[in-house]
Amino acid sequence: MRLQKEIMSDIIIRKAVEEDVSAIAKIEKASIPQPWSEAAFADALTQENAVTLVAEADGEIAGFITGVFLFDNADIYSVATAEQHRKKGVGAMLLKSFFYTLPTEVEVVWLEVRESNSAAISLYEKSGFERVGLRKNFYEQPRENAVLYNKQLSK
Ligand SMILES: CC(C)(COP(=O)(O)OP(=O)(O)OC[C@H]1O[C@@H](n2cnc3c(N)ncnc32)[C@H](O)[C@@H]1OP(=O)(O)O)[C@@H](O)C(=O)NCCC(=O)NCCS
């Protein structure tokens, strides 16, 4: 794990702690149709192969990213920025910090995204992800295809 703390202007990226869970779940609930519960985020913090990072702005949680790694692969489960902090580079910074936090043996990072989520797709493509597949009707409520992306990490 190489991330200590990344600082960009007034935004700090750091590993999430238990006290962050309710803010993380609140952002997730406001951002994603089928959100994880607070308990699921709390559980992720206890897993050795999971990474959850938060972006902090003036003491407030502005966004988060959570994912897992196993051997040479990692998966991003969720990334979201609180509405009032969007379009300021928080999402891009969270992704970059996530890559640096992964163990050095991780070579590929995977994620799925709703086909209609143009903001996230643009963020992922800008961050070096490549479209590698489509999962038909992967999501519910509403039913929608998932686009599968991956990014090769250059070590
Ligand atoms: C997707 C999301 C995380 C982006 O977060 P953000 O902090 O606003 O992103 P950034 O400011 O770092 O933007 C980086 C790039 O993403 C893209 N982007 C971000 N918001 C965008 C929007 N509304 N429309 C189009 N492109 C957008 C742009 O390419 C942007 O680069 P630019 O600023 O040079 O144009 C945020 O919109 C969000 O939380 N959405 C709801 C949750 C979600 O959909 N998560 C992904 C689930 S798979």
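We count ligands from 1, going down the list as the structure has it; atoms in each ligand are counted the same way. Just so you know, these numbers use all the heavy atoms, side chains as well, and skip hydrogens, waters and symmetry mates.
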Is the closest basic N to carboxylate O distance between K26 and D20 below 4.0 Å? no

Sequence neighbours excluded and cut-off under 3.5 Å, please list the side-chain donor-acceptor pairs for residues 125-137, or say none.
unit_1	atom_1	unit_2	atom_2	d
E125	OE2	Y149	OH	2.5
S127	OG	L123	O	2.8
R135	NH1	E112	OE2	2.1

By salt bridge (charged side-chain N to carboxylate O under 4.0 Å, His left out), which residues pair with E28, not counting sequence neighbours? none

Using the rule that two of Ile, Leu, Val, Met, Phe, Trp, Tyr join whenever any of their side-chain heavy atoms come within less than 4.5 Å, decide whether L153 and M93 are in one cluster.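 They do share one cluster, since a chain of ILVMFWY contacts under 4.5 Å joins L153 to M93.
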
Is Y77 reachable from F98 through a run of hydrophobic residues whose side-chain heavy atoms are each under 4.5 Å from the next?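 Shared cluster, no.
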
Transitive ILVMFWY cluster of Y139, excluding itself - 4.5 Å side-chain cut-off: F138

Using a strict cut-off of under 4.0 Å between a residue heavy atom and any atom of ligand 1, list the qualifying protein residues by chain and number. S31, V79, A80, T81, R86, K87, K88, G89, V90, G91, A92, E112, V113, N117, A119, A120, S122, L123, Y124, K126

